[in-house]
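Just so it is clear, the model here is predicted, and its values are computed rather than measured.
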Protein chains: 2
Amino acid sequence: MTYGAASTIRLYLVLDPDHVRGDALATARGAIENGVSCVQLRCKTSTDRRFVTMSRALLQLTRHHDIPLIINDRLDIALIVGANGVHLGVDDVPVEDARRVGGPDFIIGYSPETDAQIIDAAGAGVSYLGIGPIFGTTTKADAGPALGPAEFSRRRALTGLPVVAIGGIDGRNAGLAMAAGADGVAVASAILGSNDPAGAARSLSEAIQRQR
Amino acid sequence: MTYGAASTIRLYLVLDPDHVRGDALATARGAIENGVSCVQLRCKTSTDRRFVTMSRALLQLTRHHDIPLIINDRLDIALIVGANGVHLGVDDVPVEDARRVGGPDFIIGYSPETDAQIIDAAGAGVSYLGIGPIFGTTTKADAGPALGPAEFSRRRALTGLPVVAIGGIDGRNAGLAMAAGADGVAVASAILGSNDPAGAARSLSEAIQRQR
């Protein structure tokens, strides 16, 4: 990763416009100014054209703050806007292909579902892993049951890649995720669903800081 | 277009695995052997991973027969497998971006919805247009009402780009579409929904030939 791996994913915001209370860009800005170190844009229901427009607007913001923008699922949209990377799941385009097309400096996040997928990820060209749901989540309907910190730790230990914990993380349990071996925590609703997104980001950032 | 424009889109098969009666690859092979000059792969319901796998398999076939493979909607999948081009609609990634990322020899098809979009297409980097539905169609739920040959002709005259007519075309009305100014006809159900896809392709090819 051009942006030094583990510290980049310390506080990782998954920005899903469908789950933002107010304006998505203003929410992202407030969160970035209060400790978010990386933003992933996830647009599951918008048109591709709108996804491109949103990505461009967000990239201006993340570049201004010198943090990476990762595009969920869509390699083409990441390439078109010049985002820093893409985040892929097991049903998305293969990691090896994204690495070949995206080049060596392109950030590729991956959400493995099995031990074998965790173990094989580094060799396939993955930059960091998202492992979860560590706690119960309502943002992602297909996320499956919570792993819990112990199972998260076991999976985390299978790889030398940086790992961001995801799923049901907020200011109260972020420290538990870090203590379980995460290099960072990914959040959506804890920030997007808050009445005070900037304050929620600050609480998360402080909770992570205390645990390090 | 690396493949000489108008003749390439003469008989254009839109291969949608959801609408194929039998095996998609075998159907495509039979159609190609009986006059299909270009294949577009449209996967609206499969995972991206499956879309990549299907694209790779189909590309082997189209390369063997020296005809282009166009990927519907997804620039990333076209780039990953090395397909000849992509077909975009007005809600997809912008044509200008696809041209920049895809390069000068990449085929970019576009389905405009307004006169202005038809007129602007050449300047934006479009290789050919799909205009329709010229007749009534059941394959594409969001296709809108049939234009009819006269309105198709009017739209076709707005651009110097090659135009493929689409929507409800079969062996009986393909000649009407060509007479209305189309450089070729795009079909899905006339071939995919037939008990004899190879025979349907042959009938279409002959109907086009008679009209030229």
Pair A:Asp97-B:Arg56, salt bridge (Lys or Arg N to Asp or Glu O under 4.0 Å): steps then yes or no: CA-CA 12 Å; A:Asp97 290 316; B:Arg56 284 213 164 96; 2.7 Å; yes
Which one of B:Val52, B:Val81, B:Asp73, B:Ile80 has the most heavy-atom pairs closer than 4.5 Å to chain A? B:Ile80
Option among B:Val93, B:Asp76, B:Leu79 that satisfies the side-chain contact (heavy atoms from CB on, under 4.5 Å) test with A:Leu79: B:Leu79
Tell me if the CZ atom of B:Arg50 is crowded by more than 12 foreign heavy atoms within 6.0 Å. no
So, the part of A:Val101 with a heavy atom under 4.5 Å from chain B: the answer is side chain
Closest-packed option against chain A by number of heavy-atom pairs under 4.5 Å, given B:Asp48, B:Ile77, B:Asp91: B:Asp91
Just checking A:Gln60: does its CD atom have more than 12 heavy atoms from other residues, nucleotides or ligands closer to it than 6.0 angstrom? no
